[in-house]
Amino acid sequence: MSDSTTATNFILDIINNDLKTEKYDNRVHTRFPPEPNGYLHIGHAASICLNFGIARDYEGGKCNLRFDDTNPIKEEQEFVDSIIQDVKWLGFDWEDRLFFASDYFDQMYEYAVQLVKSGHAYVDDQTGDQIRQTRGTLKEPGIESPFRNRTPEENLDLLTRMKAGEFEEGSRVLRAKIDMTSPNMNMRDPAMYRILYRSHHRTGNKWCLYPMYDWAHGLEDSIEKITHSICTLEFEDHRPLYDWFLIALGAYRPQQIEFARINVNYTVTSKRKLMQLVTEKHVQGWDDPRMPTISGLRRRGYTPESIQIFCERVGINKRDGVSDIALLDHCYREEMNNSAKRVMAVLDPIKLIITNYPENHVEMLSSENNPEDPEAGTRQIPFTRELYIERTDFMEDPPKKYFRLALGKEVRLKQAYYVTCESVVKDKDGNILEIHCVYDPNTKGGWSQDGRKVRGTLHWVSVDHALDAEVRVYEHLFLKENPNDAEEGKDFISNLNPNSLNILAGCKVEQSLKDATVEEKYQFLRHGYFCVDKDSNSDLLVFNRTVPLRDSWAKKGK
RNA sequence: UGGGGAAUCGUUCAACGGUAGGACAGCGGACUCUGACUCCGUCAAUCUAGGUUCAAAUCCUAGUUCCCCAGCCA
């Protein structure tokens with residue numbers, strides 16, 4: 001390992017041991033094998049980080065990106081493209097090892113012929129229903145197919161004709177001849193090939209025979225000389241079958257290792273459910289910033305680094321659990337605190353007028369871009385008589401320990417001056433329209449010579465210079481930690497959070513944001529971390545709030 | 001006794017017969033030109049019952065709970 005301080009886990013233990021015993025000639029070669037039938041999500045990220053992380057951390061380690069595209073009914077090029085983009089964006093490199101299971105179809109078929117010839121596989125003429133009915137149950141053994149004892153010659157003839165397209169879809173399957181009484185259902189003569197007259201996104205109409213997962217997956221790993229084939233827990237009792245095929249073939253056999261899938265609270269990660277959210281338009285697409293998809297997280301503003309660190313800290317083991325999304329936010333804040341440029345943005349503006357400040361006067365004030373990073377430098381910000389401040393930064397009847405503006409109270413305007421509130425202007429209904437203050441010219445830069453202190457520091461923007469912006473503030477997509485915990489007769493959809501998207505129009509942001517580019521990230525002072533959304537145009541900047549800053553004051557109010 | 005897995009602070013990961021520790025979350029405080037950051041403190045766990053041992057989260061026995069498997073899905 002290149003970094004001994006990172007957490008170890010049972011998979012690394014296995015690999016280290018295999019290295020010690022030279023089980024795989026000191027090679028470490030993993031793979032990430034997505035099926036291109038949906039978008040990648042945070043759960044996949046854990047697997048990607050694990051597999052590519054292992055390749056990165058071991059001397060000479062490799063990790064392949066391989067599409068497990070054995071089912072043309074569900075798979076599409078769109079998903080291949082998005083997956084490639086997402087893995088790349090996450091920061092991983094498969095070099096020249098981008099593979100497709102479909103590239104091995106010929107080879108797989110030859111292997112099948114070999115099993116037929118050696119009497120390990122047979123063609124079954126039973127219907128799907130018949131096969132299901134004779135499989136037995138969890139507690140009762142299955143019944144052998146009447147076609148189970150055909151000769152290798154007959155099986156070979158039938159298999160050849162299946163491949164040639166002589167038989168109807170669903171009329172026959174090739175089955176492994178194992179044990180219909182096995183307590184492991186996977187070993188009860190599992191199907192290897194089904195007949196499907198479907199066009200495949202890569203092989204077109206070349207095949208009408210498509211391999212099943214159990215048959216295909218081990219072959220893919222074997223062909224690529226994978227050493228450690230890491231998958232999720234539900235494949236644990238497929239391992240005997242994985243091994244059986246490769247042993248029967250006398251082929252190179254990787255070690256399958258299973259770990260618990262990563263779940264995250266307040267969201268769902270089943271492909272079916274994500275698909276449902278998109279198709280039923282509960283969200284605006286796969287990359288909706290509320291989605292746990294990689295593309296959604298990306299658009300929301302999360303970085304590859306924060307996702308990687310999150311996955312590392314969550315860790316790997318064999319118990320299923322649910323991780324706290326707050327940890328991702330923590331990882332993100334940690335990263336951004338060191339790197340994000342600070343800017344001032346007023347999300348809910350109210351006018352503040354400095355009555356003793358000259359009209360039509362503009363002062364340029366200097367502000368640091370990132371107090372955590374002196375190298376980030378400073379910028380100039382225009383200060384004028386009329387400013388916008390945050391509506392919530394003024395209260396007529398402030399509670400105790402309220403540091404912000406109130407009648408007669410003095411606060412600091414960030415990097416500018418101390419101001420004291422003298423009066424407010426209201427409309428007929430009593431709504432505050434303007435806050436009138438006086439400033440102390442001797443506090444320029446936000447510091448007083450006489451040592452007097454103010455507790456509150458407010459952010460602001462000049463009315464004349466502010467840019468218009470729309471800010472999208474997100475909450476959890478679901479109200480419950482476990483969205484599947486729904487009332488009787490209802491499903492996860494009933495737990496959708498109606499306030500998961502809150503659009504703030506009429507926000508005012510500082511001038512320096514004029515040339516902000518899509519995906520660029522900022523800290524809006526005292527608010528949180530935001531990034532520019534692709535919906536921005538030359539008239540209106542659109543920001544997504546990735547995560548808010550921690551706010552111990554707001555917490556006290558609760 | 002169908003088979004296969006898993007049980008440690010609220011969550012998550014460690015401890016591999018020798019002081020149950022870290023992170024996140026929570027709570028309290030200090031600091032602060034971001035009520036941020038940072039720092040300090042604090043809360044809090046070995047599924048149960050027996051057994052082996054000087055010593056058990058760890059080994060043994062018996063239970064309990066949870067997850068996965070009856071697709072021509074992966």
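Chain naming here is simple, since letters A, B, ... match the order of the sequence lines and numbering starts at 1 in each. Bear in mind that the values here come from a model prediction, so they are computed numbers and not experimental data.
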Visitor: In chain order, what residues pass the side chain to side chain contact (heavy atoms under 4.5 Å, CB included) check against P240(A), with sequence neighbours excluded?
Guide: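 Side chain to side chain contact (heavy atoms under 4.5 Å, CB included) list for P240(A), sorted by chain: N184(A), M187(A).
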
Visitor: When the ring planes of F383(A) and Y417(A) are compared, do they come out parallel, tilted or perpendicular, using 30° and 60° as the limits?
Guide: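 F383(A) and Y417(A): tilted rings.
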
Visitor: How far, in whole Å, is G41(B) from G50(B) if one measures between their C1' atoms?
Guide: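 Each nucleotide's C1' atom is 41 Å from the other's.
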
Visitor: In whole angstrom, give the distance that lies between atom CG of D237(A) and atom P of C68(B).
Guide: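 Atom CG in D237(A) sits about 12 Å away from atom P in C68(B).
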
Visitor: Looking across every strand, which nucleic acid part, if any, lies under 4.0 Å from I131(A) by heavy atom: base, sugar-phosphate, or nothing?
Guide: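 Here I131(A) touches the bases of the nucleic acid.
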
Visitor: Identify whether any heavy atom of Q126(A) sits under 4.0 Å from a base atom; if not, whether one sits that close to sugar-phosphate; answer base, sugar-phosphate or nothing.
Guide: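 Here Q126(A) touches the bases of the nucleic acid.
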
Visitor: For RNA chain B, which residues in residues 399-406 of chain A have a heavy atom at a distance below 4.0 Å?
Guide: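 Output list: K401(A), Y402(A), F403(A), R404(A).
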
Visitor: Which of these nucleotides, C37(B), C72(B), U34(B), is closest to any side-chain atom of Q523(A)?
Guide: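 The closest nucleotide is U34(B).
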
Visitor: For the side chain of T70(A), starting at C-beta, report the closest nucleotide among U34(B), G4(B), A74(B).
Guide: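 Closest nucleotide among those given: A74(B).
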
Visitor: Contact class for T137(A) vs. all strands (heavy atom < 4.0 Å): base, sugar-phosphate, or nothing?
Guide: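 T137(A): base contact, heavy atoms under 4.0 Å.
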
Visitor: Please state how far atom CZ in R66(A) lies from atom P in A74(B), giving the value in whole angstrom units.
Guide: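 So the CZ-P distance, R66(A) to A74(B), works out to 13 Å.
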
Visitor: Nearest of A74(B), A14(B), U34(B) to any side-chain atom of E35(A)?
Guide: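 The answer is A74(B), which lies nearest to the side chain.
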
Visitor: Which pair of heavy atoms, one from T378(A) and one from E368(A), lies closest together, and at what distance?
Guide: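 The answer is CG2-CA, 4.0 Å.
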
Visitor: Kindly express the pairing pattern of RNA chain B in dot-bracket notation, using | wherever a base pairs with another strand and counting only Watson-Crick or G-U pairs under 3.5 Å.
Guide: .((((((..((((....[..)))).(((((.......)))))....(((((..]....))))))))))).....

Visitor: Taking the side chain from N16(A) and the backbone from L12(A), do they hold a donor-acceptor pair closer than 3.5 Å?
Guide: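 Confirmed, N16(A) side chain pairs with L12(A) backbone.
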
Visitor: Treat primed atoms plus P, OP1 and OP2 as sugar-phosphate and everything else as base, then score nucleotides 18-26 of chain B 5' to 3': B for base contact with protein heavy atoms under 4.0 Å, S for sugar-phosphate contact only, - for none.
Guide: ------S-S

Visitor: Check side chain to side chain contact (heavy atoms under 4.5 Å, CB included) between P382(A) and all other residues, then give those that pass, not counting sequence neighbours.
Guide: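 V362(A), M364(A), H465(A), Q511(A).
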
Visitor: So, do M192(A) and P211(A) sit near enough that their side-chain heavy atoms are less than 4.5 Å apart?
Guide: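 They are not in side-chain contact.
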
Visitor: Does S182(A) put a side-chain nitrogen or oxygen below 4.0 Å from OP1 or OP2 of G3(B)?
Guide: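 S182(A) to G3(B) OP1/OP2: no side-chain N or O under 4.0 Å.
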
Visitor: Select one nucleotide: of U34(B), G35(B), C72(B), the one nearest the side-chain heavy atoms of R194(A).
Guide: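 So the side chain of R194(A) is nearest to C72(B).
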
Visitor: Using atom C1' in both nucleotides, what's the gap between G3(B) and A23(B) to the nearest angstrom?
Guide: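 To the nearest whole Å, 37 Å.
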
Visitor: Under 5.5 Å between ring centres and under 30° between planes: does that hold for Y213(A) against the base of A74(B)?
Guide: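 A stacking contact does not exist, since Y213(A) is not both close and nearly parallel to the base ring of A74(B).
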
Visitor: Please report the C-alpha distance between D551(A) and R526(A) in whole Å, then the side-chain angles of each, then the deciding distance to 0.1 Å, and finally whether the salt bridge (Lys or Arg N to Asp or Glu O under 4.0 Å) criterion is met.
Guide: CA-CA 9 Å; D551(A) 187 350; R526(A) 302 209 293 140; over 6 Å; no

Visitor: Flag the pair H201(A) / D69(A) as yes when at least one side-chain heavy-atom distance between them is below 4.5 Å, and no otherwise.
Guide: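 Yes. Closest side-chain heavy atoms under 4.5 Å.
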
Visitor: Between G5(B), C69(B), U8(B), which nucleotide gets closest to the side-chain atoms of K318(A)?
Guide: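 Closest of the options to the side chain of K318(A): G5(B).
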
Visitor: Would you mind telling me which of G35(B), C37(B), A74(B) lies closest to the side-chain atoms of R526(A)?
Guide: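 Nearest listed nucleotide: G35(B).
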
Visitor: Under the side chain to side chain contact (heavy atoms under 4.5 Å, CB included) rule, collect the residues that match up with D329(A), sequence neighbours excluded.
Guide: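 Expected list: Y302(A), R333(A), V547(A).
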
Visitor: Where does the angle between the aromatic ring planes of F543(A) and F524(A) fall among parallel (under 30°), tilted (30 to 60°) and perpendicular (over 60°)?
Guide: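 Ring orientation, 0 to 90° scale: perpendicular.
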
Visitor: Do you know the tightest heavy-atom contact between F105(A) and T203(A)?
Guide: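 Minimum heavy-atom contact is CD1-CG2, 4.1 Å.
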
Visitor: May I ask you to check whether Y242(A) and H238(A) place their ring centres under 6.0 Å from each other?
Guide: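 No; Y242(A) has its ring centre 6.0 Å or more from that of H238(A).
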
